[in-house]
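Hydrogens, waters and symmetry mates are skipped; everything else that's a heavy atom, side chains included, is used.
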Amino acid sequence: MIFEEKEIVLKNGKTAVLKSPCPEDAEKMLHYVKAACGETEFLLRYPEEWDDNIEKEEAWIKGQLASLNTLGITCFADGEVAGNCEISFQSGMKISHRATIAIAIRKEFWNLGIGSAMFEELIAAAKERGTEIMELEFVEGNDRAKHLYEKYGFQVVSEKPNAFKLKDGTYRKEISMQKYL
């Protein structure tokens, strides 16, 4: 699915652009995801786990653009990828009323309103599609993210103990949230 380009004004007064990434953005996207994974323990992978190359990233972007059930939105600020999010619509008869979302933002762009802007677009896309329930997961301790999710009406529905094991050997819960539209 393709998200049409939209300009937003950040809390610092600068502008940024929300859009679907294109294959030409592959190198920037790959740099972004590795950098973002190195800035926090709250994403699913460590930077060294990303062994993708530019060709694989281009293929991933092309697949997302061609998908009828996934919408990716990337935020470009100051010429670089500041964050991205996606919504994956379920397609089976019993689960087509649900959609799963994910979001990540580079640390230098935290607290500028990017997460809120992306959430508004994800919710609008879900409503347009007729989605009844939006779902997401986050890692225990990610209070900033939890606050954003609660701001948009998500509520905790379950917890999975010891779902993540960090490099230092500590475990963290995975917390699931839902929002009813």
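The shortest heavy-atom contact between E137 and S176 is CG-OG, 3.6 Å. E86 approaches L122 most closely through the heavy-atom pair C-CD2, 3.9 Å. When every heavy atom of R98 is checked against every heavy atom of T131, the shortest pair comes out as C-CG2, 4.1 Å. Annotation for F89 and A126: closest pair CE2-CA, 3.9 Å, computed over non-hydrogen atoms. Across all their heavy atoms, L43 and A104 have their closest contact at CD2-CB, 3.9 Å.
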Practice task
Dump the intermediate steps for side-chain hydrogen bond (donor to acceptor under 3.5 Å, both in side chains) on N84 and R106, then the final yes or no.
Solution key: CA-CA 9 Å; N84 77 327; R106 290 282 316 271; over 6 Å; no
Problem - Candidate pair E58 and K62, rule salt bridge (charged side-chain N to carboxylate O under 4.0 Å, His left out), full reasoning - result: CA-CA 6 Å; E58 286 175 352; K62 288 176 184 176; 5.1 Å; no
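Of the inter-residue distances, the one linking M134 atom CE with T100 atom OG1 reads 9.5 Å to the nearest 0.5 angstrom. K173 contributes atom NZ, which lies 9.5 Å from atom CG of N162 (distance to the nearest 0.5 angstrom). A distance of 10.5 Å separates CZ in R172 from CZ in F164, rounded to the nearest 0.5 Å.
Annotation: Q155, atom CD; neighbour count of heavy atoms from other residues, nucleotides and ligands within 6.0 Å does not exceed 12. Residue Y171 places its OH atom among 12 or fewer non-hydrogen atoms of other residues, nucleotides or ligands, all under 6.0 Å distant. Annotation for E150: atom CD counts as buried by contact number, over 12 foreign heavy atoms lying within 6.0 Å. No more than 12 heavy-atom neighbours from other residues, nucleotides or ligands sit within 6.0 angstrom of CD on E128. Within a 6.0 Å sphere centred on NE2 of H31, other residues, nucleotides and ligands contribute 12 heavy atoms or fewer. Atom NZ of K56 has more than 12 heavy atoms from other residues, nucleotides or ligands within 6.0 Å.
In this structure, Y149 has its ring center under 6.0 Å from that of F119.
The salt bridge (charged side-chain N to carboxylate O under 4.0 Å, His left out) test with K167 singles out one residue from E41, E49, E48, and that residue is E48.
Here the side chain of S20 pairs a donor or acceptor atom with the backbone of G72 at under 3.5 angstrom. For Y152 (side chain) and K179 (main-chain N/O), no donor-acceptor pair under 3.5 Å exists by modelled atom type. D78 contributes no side-chain N or O that, together with a main-chain N or O of E80, makes up a donor-acceptor pair within less than 3.5 Å. A donor-acceptor pair is defined here as one N or O able to donate and one able to accept, closer than 3.5 Å; no such pair exists between the side chain of K146 and the backbone of E140. A distance-only check finds no donor-acceptor pair linking the side chain of N142 to the backbone of V139 [under 3.5 Å]. With hydrogens and angles disregarded, no donor-acceptor distance shorter than 3.5 Å links the side chain of E121 to the backbone of M118.
For the residue pair S116 and K151, a side-chain donor N or O sits within less than 3.5 Å of a side-chain acceptor on the partner. N69 and S67 share no donor-acceptor pair across their side chains, judged by distance under 3.5 Å alone.
Tracing side-chain contacts under 4.5 Å through hydrophobic residues (I, L, V, M, F, W, Y), one reaches L148 starting from L181; they form part of the same cluster.
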